[in-house]
2 protein chains.
Amino acid sequence: MNSSTEEDYLKAIYMLSAQHSSGVSTSAIAERMETKASSVTDMLKKLSEKGFINYVKYQGVTLQQKGSDVAIKVIRKHRLWEVFLCTKLNFTWDEIHEVAEQLEHITSVKLVDSLDQFLGYPKVDPHGDPIPDKNGNFHKIKEVALRDLKVGEKAVLIGVREDSREFLKYLESIKLLLGSKMEVLNKFEFDESVLIKVNGGNEIMLSSLVCKNLSVTYDKNKK
Amino acid sequence: MNSSTEEDYLKAIYMLSAQHSSGVSTSAIAERMETKASSVTDMLKKLSEKGFINYVKYQGVTLQQKGSDVAIKVIRKHRLWEVFLCTKLNFTWDEIHEVAEQLEHITSVKLVDSLDQFLGYPKVDPHGDPIPDKNGNFHKIKEVALRDLKVGEKAVLIGVREDSREFLKYLESIKLLLGSKMEVLNKFEFDESVLIKVNGGNEIMLSSLVCKNLSVTYDKNKK
DNA sequence: ATACATATTTAGGCTTGTCTAAAAATATAT
DNA sequence: ATATATTTTTAGACAAGCCTAAATATGTAT
Ligand SMILES: [Mn+2]
Ligand SMILES: [Mn+2]
Ligand SMILES: [Mn+2]
Ligand SMILES: [Mn+2]
């Protein structure tokens, strides 16, 4: 079995691989794990010896199949627990992450699949992220950052790229939730802020940082 | 915060204190924790320094209020999770213990109380053990080991004093469940086995070891 | 190509929790 | 009361994860 620390590293590498499609750097992992680069190097050596990752000094890291499998299982558990916390225990979407961060490490074959069934086999977690099924399969919706839309384009909010409480609370306060429809009215180059119309009503100005962290998909109902 | 190891030690000491009402010995803890006596000594020193226990070399251990509080909180979580696993996820009573052993260490103030509410504030866990409430209060029913009943006395099974899978599976196979009514028909001194009648029907011979580990309460309906 | 800046690894140490083997204290039997 | 057995503690070591400081490799600008 793997320690929960190893699981967290593999999960971090998995997430980072998805973004920067080449090898993942030591410093990127260190930042994500909120630890020091030297600690990361130690762990990379270990994970490499155990056959979870491909690691060559100074060259970054890629996951081996075995490592990817572990990461996906942990992510599955994380997201299922998030659904549980939201739908059954009335947690809000900014409260669930840190608890799920612990629950994802509980080991019991039966537990995960029973939980999945109990929740009705949900396809996405409360942040809009897809939940892998028992076999590790899940479909990515074609998503794009709000920042990359052009003026006049319409889209639906399907996920967030940042889980911090502050960010999630901010979104709630401006009534921007998963499923909200938005239209880009204007983009301002000097500070990269964007003016949007939400659900055909309110107009809101979003900062560069916010736009970067909102995942949307193009709205099919463009009429 | 306390590590999950510290929590497990405090829980073990709490359980053992309940039985042998004097100080708990190093070896008793070692046996319960499935570890070596020297490891226990190390931990006792630490728990003592932190103010959780009263520890004097060679003299055994008692819990301080602070230690008792921690133990009761962990026990509350353990038993609530056991109820969850049984009633919501269809685990059987022999499968729940080892998973609960992990879940009991999840730290979130909100989680425990939400779970309690979600489950409908259960009073006992699937093994018949009482669940402490938010404030750590719980009532012990007057219980006695089946072994201590006299011939002719009637009782109801309310708990088990041993959580091993083997034992629980054995009880299921002979259809002896929580709430079963039993009457002592005969006691055999040479091997301390006991002949009982279950629910007014089957007659079963129980070994000494089994009788020692069944908690019963006298049946009020004696007519 | 060289010099400087940044990223990464190595060296050495610390904490937690575990172990074995040996020493010391306590309990038991005659 | 003394010898023996058992329990408990101490001493010393190890693995996992983490850290700081120093060494080394890589990237960049001129
Ligand atoms: Mn985690
Ligand atoms: Mn999520
Ligand atoms: Mn435990
Ligand atoms: Mn129980």
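Throughout, a chain's letter reflects where its sequence line sits, starting with A, and its residues are numbered from 1. Computed from a predicted model, the values in this text were never measured in an experiment.
One interatomic measurement links the two molecules: CD1 of I29(B) to C1' of dT8(D), which rounds to 12 Å at whole-angstrom precision. L44(A) has its CG atom 15 Å from the P atom of dA16(D), to the nearest Å. Atom NZ in K36(A) sits about 17 Å away from atom C1' in dT10(C), given to the nearest Å. The interatomic distance linking M33(B) (CE) with dT16(C) (C1') rounds to 14 Å, in whole Å. Whole-Å rounding puts the K46(A) NZ to dT10(C) C1' distance at 18 Å. Between D42(A) atom CG and dT15(C) atom P there is a gap of 17 Å when expressed in whole angstrom units. Taking atom CD of E49(B) as the reference point, atom P of dT16(C) lies 10 Å away to the nearest angstrom. dT26(C) atom P lies 7 Å from atom CD of Q59(B), rounded to whole Å.
Judged by the 6.0 Å and 45° rule, K88(B) forms no cation-pi pair with F118(A). Geometric assessment of K110(B) against the ring of F91(A) yields a positive cation-pi assignment under the 6.0 Å and 45° thresholds.
Counting atom types as modelled, S38(A) pairs a side-chain N or O with a base atom of dT20(D) as donor and acceptor under 3.5 Å.
Considering only the side chain of Y58(A), dT26(D) comes nearest among dT26(D), dC19(D), dG17(D). Among the nucleotides dC19(D), dC19(C), dG17(D), the one closest to the side chain of S3(A) is dG17(D). Nearest to the side-chain atoms of S25(B) among the listed nucleotides dC18(D), dT9(C), dT8(D) stands dT8(D). Of all nucleotides listed (dT18(C), dC19(D), dT20(C)), dC19(D) comes nearest to the side chain of T35(A). For T41(A), taking side-chain heavy atoms from C-beta onward, the closest of the listed nucleotides dT10(C), dT20(D), dG17(D) is dT10(C). Side-chain proximity of S27(A) to the nucleotides dT8(C), dT10(D), dC19(D) is greatest for dT8(C).
Considering only side-chain N and O atoms, Y9(A) lies nowhere under 4.0 angstrom from the phosphate OP1 or OP2 of dA16(D). Within the structure, a side-chain polar atom (N or O) of K57(B) is placed less than 4.0 Å from OP1 or OP2 of dT10(D).
Relative orientation of the F188(B) and F190(B) rings is perpendicular, given thresholds of 30° and 60° on the angle between their planes.
In this structure, the ring of Y14(B) has its center no less than 6.0 angstrom from the ring center of Y9(B).
Residue-level contact check: T26(A) touches the backbone only, with heavy atoms under 4.0 Å from sugar-phosphate atoms and none from bases. The residue S39(B) sits close to a base: some heavy atom pair falls under 4.0 Å.
A salt bridge between E6(A) and K46(A) is present, with a side-chain N of the basic residue lying under 4.0 Å from a carboxylate O of the acidic one.
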